[in-house]
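The structure appears right after this line, and notes come after that.
Chain naming here is simple, since letters A, B, ... match the order of the sequence lines and numbering starts at 1 in each. Small disclaimer: the values here were computed from a predicted structure and weren't measured.
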Amino acid sequence: MKIVTWNINGIKARIENLLIWLKESDPDIVCLQEIKSVDEQFPRLEIEALGYNVETHGQKGFNGVAILSKLPFDEVNRGLPGDDSDEQARFIEGVFSTEKGVLRVVSLYLPNGNPLGTEKFPYKLSWMARLEAWAKERLALEEPLVLAGDYNVIPEAADARFPQQWVNDALFQPETRQAFRRLEHLGFTEALRMASDSPEIYTFWDYQAGAWQKNNGIRIDHLMLSPEAADRFSSISVEKHVRAWEKPSDHVPVAVELAFVPA
DNA sequence: ATGGTAGCCACGCTA
C-alpha cells in the first residue's frame, strides 16, 4: 500500500498537476496540505472520477488539509484536540480497514512559526505539544498509524543544503527540533530514516532566488510510523521530478510503501 | 538589511 504526503500549495492552482500525478504515481492514500480552500470549493469530482474517496478539512485562503483514498473511510476526525480556540485547519485523521485490521492515517500541516519573536513561534511549539499528547494516546492503541505531513521541521543540519541559512528560522530552532525528537521518542519511526543513509534528500525548494536550480532545499515533509506500521515498511521515495513540472508546488510528494492489503 | 516568488482573492497576509 502506497501512502503519500504532499504539500500541494493551493488545490485550485494545482488540480491539473494533481490529476496527472495521481495517474502516474497511482497512490492508495494521499495526504495533502495547504489546500487553501474551503471544503465546498475543493475539486472533489475530478479526483473521485479517478477512483478516490475524498475527505477535506478546509479553511478560506490559508492552511487546509485533505486525505484522498482508494480505500473507503471507516471514520474521519477533523482538527487536532487540545485547544478549542484554535481555528486553523491543520489536521485530519482517516481510519481504514486492512486485512490485518485498522489503519490510521493523519494528514498534518504543522505551523511554520516564523517570524521568531512573534506569537507565531509559541503557537508552533504549543501545537507540537498538542500533537505529542494526541500521538501518545493513539500509540497506546497499538495500531498501525501513519502521521504524514508538512512538519515545518528541519530535523538535522544534514536535512538542509545550506544549514547556516536556517539558524534564525523557526524550522530549525533547537526547541523545534527537540519537540520533533520527543515525538519520535514516543515510539515512532521516521520513514526516511529506514532507508539507507542518503544525504541531500530534500522535499522543499523555495520559489525564490533560484532555490530549485541551486538545489537549495530542505527536508521538512515527513512520515512518522507507529511500531505496528514500521513493522510493515517496504520502501520510501521522494518524487522529486514533480518539482520540475510547469506551475509546481514548492514541495514534492514523499511516498512510503507499507505491506498492507485493503480489507 | 533587503528582496527575491507564489497563492488566494481582492489587499495584505502567509510562507
Side-chain angles (χ1 to χ4, degrees), chain A residues 5-21 30-44 46-47 56-66 80 85-91 107-128 131 148-155 159-173 175-177 179-180 202-222 240-254:
Chain A
T5 183
W6 190 14
N7 180 323
I8 198 161
N9 190 19
I11 187 64
K12 298 182 194 80
R14 217 72 63 208
I15 182 62
E16 292 309 320
N17 274 10
L18 175 65
L19 295 173
I20 292 167
W21 173 79
V30 184
C31 299
L32 298 176
Q33 300 86 37
E34 279 205 272
I35 63 174
K36 297 185 175 179
S37 169
V38 293
D39 297 336
E40 299 72 37
Q41 286 169 23
F42 190 91
R44 60 165 53 239
E46 298 97 306
I47 297 167
T56 61
H57 182 38
Q59 177 181 343
K60 185 180 177 180
F62 310 110
N63 306 324
V65 288
L80 177 62
S85 69
D86 185 359
E87 295 183 346
Q88 301 191 28
R90 298 178 172 277
F91 183 98
S107 178
L108 67 90
Y109 177 46
L110 209 146
N112 177 292
N114 283 304
L116 295 176
T118 69
E119 73 293 342
K120 289 172 185 295
F121 189 57
Y123 172 66
K124 177 182 193 141
L125 296 179
S126 69
W127 203 95
M128 294 183 86
L131 179 62
D150 176 358
Y151 281 72
N152 270 311
V153 176
I154 303 168
D159 297 312
R161 178 69 180 81
F162 299 109
Q164 69 282 5
Q165 286 184 4
W166 300 93
V167 293
N168 292 317
D169 193 287
L171 279 59
F172 196 51
Q173 288 310 292
E175 299 95 319
T176 303
R177 298 167 60 195
F180 186 79
Y202 310 126
T203 64
F204 167 91
W205 295 261
D206 201 289
Y207 289 122
Q208 305 178 67
W212 168 246
Q213 288 74 13
K214 299 173 192 163
N215 194 28
N216 181 4
I218 51 177
R219 194 174 72 86
I220 56 176
D221 299 275
H222 308 297
K240 184 176 176 179
H241 67 287
V242 174
R243 186 63 176 78
W245 288 2
E246 291 292 319
K247 259 178 89 70
S249 169
D250 40 8
H251 298 250
V252 296
V254 183

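- Taking atom P on both nucleotides, B:dT5 is separated from B:dA10 by 24 Å, rounded to a whole Å.
- Dashed line: the shortest gap from a side-chain N or O of A:K60 to OP1 or OP2 of B:dA10 is under 4.0 Å.
- Protein atom CD1 of A:I15 is 12 Å distant from nucleotide atom P of B:dC8, rounded to whole Å.
- In this structure, A:E34 atom CD and B:dT14 atom P are separated by 12 Å, rounded to whole Å.
- The side chain of A:K120 approaches B:dT14 more closely than any other nucleotide in the set B:dG7, B:dC9, B:dT14.
- Here the side chain of A:Y207 is nearest to one of B:dT14, B:dA15, B:dA6, namely B:dA6.
- Nearer to the 5' terminus of DNA chain B, by closest-nucleotide assignment, is the contact made by A:K247 (compared with the other of A:K247 and A:H251).
- Rounded to a whole Å, the CG atom of A:N63 is 10 Å from the C1' atom of B:dA15.
- Exactly one residue among A:L108, A:D221, A:I220 makes a side-chain contact (heavy atoms from CB on, under 4.5 Å) with A:Y151. That residue is A:L108.
- A close approach under 4.0 Å does not occur between any side-chain nitrogen or oxygen of A:K36 and OP1 or OP2 of B:dA15.
- Toward the 5' end of DNA chain B, the nearer of the two residues A:N9 and A:Q208, judged by each one's closest nucleotide, is A:Q208.
- Using atom P as the reference point in both B:dC8 and B:dT2, the two lie 29 Å apart (nearest Å).
- Separation of the A:W245 and A:W21 ring centroids does not fall under the 6.0 Å cut-off.
- Distance A:I35 CD1 to B:dG7 C1': 13 Å, rounded to the nearest Å.
- Between A:N7 atom CG and B:dG7 atom C1' the separation is 11 Å, expressed in whole Å.
- We find that CG of A:N114 is positioned 12 Å from P of B:dT14, with the value rounded to whole Å.
- Summarising the local packing, CD of A:Q164 is surrounded by more than 12 heavy atoms from other residues, nucleotides or ligands at distances under 6.0 Å.
- The interatomic distance linking A:Q33 (CD) with B:dC8 (C1') rounds to 18 Å, in whole Å.
- We find that NZ of A:K12 is positioned 12 Å from P of B:dG7, with the value rounded to whole Å.
- As judged by a 4.0 angstrom heavy-atom cut-off over every strand, A:F204 is placed among residues making no nucleic acid contact.
- B:dT14 and B:dA1: their P atoms are spaced 23 Å apart (whole Å).
- The side chain to side chain donor-acceptor pair (under 3.5 Å) test with A:N216 is passed by exactly one of A:R161, A:Q165, A:Q208: A:Q165.
- Nucleotides B:dC9 and B:dA15, compared at atom P, are 15 Å apart to the nearest Å.
- Distances were taken from every side-chain heavy atom of A:A13 (C-beta onward) to each of B:dA15, B:dC13, B:dC8; the shortest belongs to B:dC8.
- Within the 4.5 Å cutoff, the side chain of A:D150 has no heavy atoms near those of the A:R90 side chain.
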